Amino acid sequence: MKVVVGNKAGFCFGVKRAIDMAFETARNRKGVYTLGPIIHNPQVIEALEREGVGVANSIGELKDRKAGTVIVRTHGIPMEEMQRLVKEGFELIDLTCPYVKKAQHYAKLLKEEGCQVIILGDMEHPEVKGLMSYAGKGVAVVRGDQELPQIKSKAGIVVQTTQPVEALKKLVSRIVEHTKEMKVYNTICSSTALRLKETEEVARGADAMVVVGGRNSANTTQLARLCESLSVRTYHIETAGELKEEWFEKVEKIGLTAGASTPDWIIKEVENALKEMGGSKNKWK
Ligand code: SF4
């Protein structure tokens with residue numbers, strides 16, 4: 001039984017940077033909290049908690065717990081929240097991904113240039129909530145084929161980093177019909193698209209796929225859905241302990257991938273467990 005592991009499985013650049021720095025902060029400080037879970041992976045949150053990094057879900061909770069240092073996660077937070085944290089006297093470790101920072105910068109720039117800012121993304125997502133605060137009053141958030149807002153003379157577009165490029169192309173072609181002037185910042189991060197592309201290629205050649213990552217992780221779930229849509233038997237697991245030998249009876253090739261919030265050590269554990277079930281690792285390309 002061959003086990004093919006995707007090269008792009010696991011942490012993206014922004015998450016790796018944030019997790020490494022969070023562990024480093026834990027080594028040097030006490031009273032450290034993240035504002036919201038740093039990533040959607042329960043095993044990593046537990047590991048950080050063991051090192052002394054707690055999770056608080058609001059500024060009020062940070063105050064109740066007498067936090068000293070607050071870690072801002074990769075998605076970023078609204079500008080007002082950042083200002084309030086500083087005002088309340090917390091020490092900030094801002095681990096907003098540099099790509100998200102860039103999108104925040106462009107949202108602000110478009111507002112300052114007098115554009116009506118339109119964000120392509122999911123309004124409920126923390127990254128988009130942060131972007132909205134930089135885009136100021138009158139900002140509109142559009143997702144997929146949703147109805148467009150009333151477009152003024154000058155439109156400015158920024159994009160939630162994990163949106164597919166196809167969605168941006170579609171939005172631009174819709175908006176161009178309503179305005180004479182339009183400025184577009186393509187703030188999409190290629191990491192998600194590349195992982196999806198590789199997962200599709202791995203899944204097409206596999207009899208079964210194992211997708212590793214938090215059940216509450218949107219990008220891991222997206223990978224699992226993609227594999228299912230290709231009619232490949234798919235198992236979305238969080239840890240190696242969930243694997244069952246009978247899943248792989250008569251399976252010749254297993255594909256293995258993982259979401260952007262899944263650490264290497266969990267992927268390795270899954271790989272080793274598959275090896276114990278008779279799998280031999282094969283590199284993807
Ligand atoms: S997916 Fe891209 S934008 Fe998001 S944290 Fe990772 S590197 Fe940064």
Side-chain angles (χ1 to χ4, degrees), residues 6-25 34-45 48 53 55 70-79 81-82 92-109 119-135 141 143 157-168 184-200 211-226 257-267:
N7 294 326
K8 309 222 177 296
F11 281 176
C12 62
F13 149 77
V15 169
K16 182 172 182 339
R17 171 181 171 270
I19 298 300
D20 287 351
M21 285 171 80
F23 276 106
E24 196 186 316
T25 306
T34 59
L35 186 54
I38 190 162
I39 52 171
H40 290 136
N41 185 285
Q43 290 73 31
V44 174
I45 304 293
L48 275 168
V53 180
V55 180
V70 178
I71 291 177
V72 174
R73 56 192 177 167
T74 53
H75 301 315
I77 56 174
M79 193 167 49
E81 268 185 38
M82 197 71 115
L92 285 191
I93 308 277
D94 183 4
L95 300 184
T96 308
C97 176
Y99 298 141
V100 175
K101 277 264 180 221
K102 208 179 243 181
Q104 291 174 345
H105 166 74
Y106 288 138
K108 187 162 172 276
L109 200 66
I119 299 171
L120 170 63
D122 172 2
M123 202 192 287
E124 296 307 317
H125 195 282
E127 181 187 324
V128 174
K129 287 183 181 163
L131 287 177
M132 287 169 77
S133 71
Y134 287 86
V141 180
R143 191 183 183 183
I157 302 174
V158 278
V159 193
Q160 181 186 348
T161 51
T162 46
Q163 288 290 310
V165 75
E166 288 309 320
L168 175 60
V184 182
Y185 284 108
N186 177 356
T187 46
I188 295 172
C189 161
S190 58
S191 164
T192 308
L194 291 174
R195 189 181 300 101
L196 281 164
K197 187 171 178 276
E198 182 191 76
T199 299
E200 180 172 345
V211 181
V212 193
R215 290 197 175 79
N216 57 348
S217 154
N219 79 83
T220 311
T221 310
Q222 195 183 11
L223 292 175
R225 288 218 183 104
L226 169 70
T257 190
S261 49
T262 310
D264 281 353
W265 54 270
I266 292 187
I267 302 172

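Counting starts at 1 for both ligands and their atoms, in listed order. Numbering of residues begins at 1 and proceeds along the displayed sequence. Only a predicted model underlies this, so the values are computations on that prediction, with no experimental measurement involved.
- Met123 and Val128 make their closest contact through CA-CG1, 4.0 Å (heavy atoms, listed as atom of the first residue, atom of the second, distance).
- Excluding waters, the count of protein N/O/S atoms less than 2.8 Å from atom 8 (Fe) of ligand 1 comes to 1.
- For Thr162, the side chain to side chain donor-acceptor pair (under 3.5 Å) test picks out Gln160, with sequence neighbours left out.
- Checking side-chain atoms of Gln43 against main-chain N and O of Ile266 turns up no donor-acceptor pair under 3.5 Å.
- In this structure, Arg195 contributes its side chain and Lys8 its backbone to a donor-acceptor pair below 3.5 Å.
- Pairing each heavy atom of Thr220 with each of Gly214, the nearest pair is CB-O, 4.0 Å.
- Minimum heavy-atom separation, Val72 to Met82: CG2-SD, 4.1 Å.
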